[in-house]
Every structure is written in structure tokens, then in C-alpha cells.
Amino acid sequence: RKAMTNSYQDTDAGRLLLRTPGQRIEGPPVYTIKSGPATQSARMLDEVDAVNAPRLELPETGRPVRASEYSADEFKAITRNMYKHQADVSTPAEMVARAERIEPGFQTAIRNITDDLGLVKNETFGVKQLKSLENKLKRGYKLGTVTDPIRTRILINTAQEADEVVNRIAELMPVQDRGFQRHTTSGYFDRKLNVMYTDPNGERLLGEIQITTPEMLEAVDGMGHRLYEVERALTERYGAEVPTTHIRRFENMQRAQKELYQGVAEKVDPRIVESIEAKPDKDFLSTSPAKQDIKPPAKRDKVTFKKEAT
């Protein structure tokens, strides 16, 4: 901290100046971290600033909202506030049309960052198509709460790379960072960002950026997505009550996914695994059931499941 007292703020020019030996400066010193490699003292001061920073109701450019820094209720309230960013969209067709107009600029902005950092941006993950959007609405979502009309995926190998790309994106647009989260029913995990994107013409949509590893992408593109589709089809057809005739198949899909993604967890950077949190309930309709730890009632042809977020 003493090393940082040798600077002060030139209020006229707004510049950071260095105090030379014997120089007298009027007024209290401004504790400012100079550019260059961060020292331990600098990092400690950054942590103090983060703790004392005012709470945000919305993410701001340069000030991301991180799930780890807010309570669950605060984080959900911020999510609801973000829905206003696309409140002028009134129909699914209108949302898709706008997404197709502004998505190229969104993708270019993210690609510039990943290229600069030497990371891979997956180019097959773009506009949510109309059929997919309508299916999502049938599952209980409201149009304004859809957070992925435009989306992309970034591949990282380490927790540090994930942090670096999140910070760079947050310098460009408002970011809500959910951190690495694991789906409790399947074991799948990734890090998702919800962003408030505005294109140069002023058109706005929420977007989703998925941060994952090559190992996870390989698992999903292989067997993972097919297992998930079977599980989701049963959920969509039967809701919270899966008939006993389908219970074994439903449980097998979940078990196979957990085994698959546990294998992924054993291969990736341990710091990623250490940071994973269970995916919390969302503040809108949940659609995926999870079996209760109770013995099913006798002489019934259906078993009731408690709904849990996907």
C-alpha cells in the first residue's frame, strides 16, 4: 500500500502523475494502481473496491454482474430487469427477424475477442430459429424472457482463459455472468453469460454466450445431445408425471448423462471443476422433473416427480 501513495490525480487534465522525490502535492493522495503487472497489494485493493462497490440493478459495460457476488434473489431480480432490453419485441417472428439482422455484428464482436486471445469460437451456434423458439414458448417460457435469440459458444482450456474472455466481453457490452454451473439431473456443466447487445442501429436483444471446453463439446456432440433429447421428450410429453412404463428409460437417460459428463470433469482443468456450482432454480417455469427420494405409492400407474430447473 505504501508503494501506491506515490501518485496523485491531476484534476485539470484527469491524468495520473507520479510524485517525484521532494515534490510537495496539495491535498490527499489518490490511491491509484498504475499500469503494469498486478502486485499482491494491487489485487487486495481491487478486492476491497469490489466489496465496497454499489450494488447493480443491471449489468453495465465494464461492470459485469457475477452470480458469486449476489444473492439468488438479487440475481433473479437483475435477470428480470434485463428482460426490458428487448421489451419492444412482440412476436416470435419479430424476434427471429431482428436476431437475423443484428446477429452478424454480434458474432463479429465476439470473434474479434476470441481471435485476440487465441481462443476458438464455435461458428455453428447462432440465431435461435422460429421452430425452436416456438417450442421453447410451449414449454412455458414467455417471449420476453427468452435470453438466447442470438448466441454463440467459446471453447477454453483453463479457468484463467474463461475469466479473461469474460472480462473482455464485459468491456464491450453489459454481461451477467452465471459462472460454471452443473445441471443436477444430468451432470452437464458450462459457464453461461447473458448479455445485453445493442447493434450500431440501436436494435436490441438479449444474447447468450456459452463458455465450455473441447472435451465437453465432444461429449455433447457425440452421445450427450441424443440422451438429452430423449429425456426432454419424455418431460415434454408427461410433465411432472412420467408413467411407470417409461420410468426406467427416463432414469437410464439421466444416469448415462451423469456418467458421460463425470468423465468430462475428470479431464478438464481442476480449477474449473472446483468452481462449479449447482444450477439454481430459475425465476420462470421449470420443465424437467427430478425423482423424489420416496417410495412410490402402491397400486398406481404413475409416479409424481418434483419439477427442477434445466
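Values reported hereafter were calculated over all heavy atoms of this structure, with side chains retained and with hydrogens, waters and symmetry mates removed. It should be emphasised that the depicted structure is a prediction, and the values quoted were computed from it without experimental measurement.
Put simply, the side chain of Asn201 never gets that close to the backbone of Glu203: no donor and acceptor are under 3.5 Å apart. Using modelled atom types, one side-chain atom of Gln257 and one backbone atom of Met253 make a donor-acceptor pair closer than 3.5 Å. Panel note: side chain Gln86, backbone Arg204; no donor-acceptor pair is recorded below 3.5 Å. Within the 3.5 Å criterion, the main-chain N or O of Arg151 finds a donor-acceptor partner in the side chain of Gln107. Glu94 places a side-chain N or O within donor-acceptor distance of the main-chain N or O of Ser90, the cut-off being under 3.5 Å. Judged by distance alone, with hydrogens and angles left aside, the side-chain atoms of Glu60 form no donor-acceptor pair with the main-chain N or O of Leu58 at under 3.5 Å.
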Open item on the list: Between Asp190 and Arg153, does the salt bridge (Lys or Arg N to Asp or Glu O under 4.0 Å) criterion hold? Intermediate values first, please.
Closed with: CA-CA 10 Å; Asp190 65 9; Arg153 180 187 287 131; over 6 Å; no
Open item on the list: Quick one, Glu215 with Thr213, criterion side chain to side chain donor-acceptor pair (under 3.5 Å). Give me CA distance, side-chain angles, the key distance, then yes/no.
Closed with: CA-CA 5 Å; Glu215 296 86 354; Thr213 68; 3.3 Å; yes
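Residues Ile110 and Val165 have side chains not in contact (no heavy-atom distance under 4.5 Å, counting atoms from C-beta outward). Residues Leu117 and Glu161 are not in side-chain contact: their nearest non-hydrogen atoms beyond the backbone lie 4.5 Å or more apart. The closest side-chain heavy-atom distance from Leu206 to Met196 is below 4.5 Å. Residues Asn135 and Lys128 are not in side-chain contact: their nearest non-hydrogen atoms beyond the backbone lie 4.5 Å or more apart. A 4.5 Å side-chain heavy-atom check between Leu260 and Tyr188 finds every atom pair outside the cut-off. With contacts defined as side-chain heavy-atom distances shorter than 4.5 Å, the pair Met82/Pro59 qualifies. In this structure, Asn81 and Gln176 have side chains that are not in contact, with every pair of non-hydrogen atoms separated by 4.5 Å or more. Side-chain contact between Pro149 and Arg98 is absent, with no heavy atoms from C-beta onward closer than 4.5 Å.
When all heavy atoms of Asp116 and Arg168 are compared, the pair lying nearest together is OD2-NH1, 2.8 Å. Nearest approach of Ala93 to Leu130, heavy atoms of both residues: N-CD1, 3.9 Å.
With hydrophobic clusters built from ILVMFWY side chains whose heavy atoms lie under 4.5 angstrom apart, Leu119 does not share a cluster with Phe125.
Heavy atoms of other residues, nucleotides or ligands lying less than 6.0 angstrom from CZ of Arg249 number 12 at most. Applying the 6.0 Å contact sphere to CD of Gln160 captures no more than 12 heavy atoms from other residues, nucleotides or ligands. Atom CD of Glu57 has 12 or fewer heavy atoms from other residues, nucleotides or ligands within 6.0 Å. The number of heavy atoms from other shown groups lying within 6.0 Å of CD (Glu277) does not exceed 12.
Of the residues Lys136, Lys138, Arg139, the one that meets the salt bridge (charged side-chain N to carboxylate O under 4.0 Å, His left out) test with Glu236 is Arg139.
Here salt bridge (charged side-chain N to carboxylate O under 4.0 Å, His left out) pairs that include residues 262-276, with residues two or more places apart or in two chains, are Asp269-Arg271.
Cluster partners of Leu217, by chain and number: Val120, Leu155. The rule joins Ile, Leu, Val, Met, Phe, Trp and Tyr whenever side-chain heavy atoms lie under 4.5 Å apart.
Residues Arg232 and Glu229 are paired through a salt bridge, judged by an N-O separation under 4.0 Å between the basic side chain and the carboxylate.
Considering CD1 of Ile113 and CD1 of Ile209, their distance stands at 7.5 Å, rounded to 0.5 Å.
Using the six-membered ring where Trp is involved, Phe106 and Tyr197 have ring planes that are perpendicular, over 60° apart on the 30 and 60° scheme.
Residues Asn252 and Arg255 bring a donor and an acceptor atom of their side chains to less than 3.5 Å of each other.
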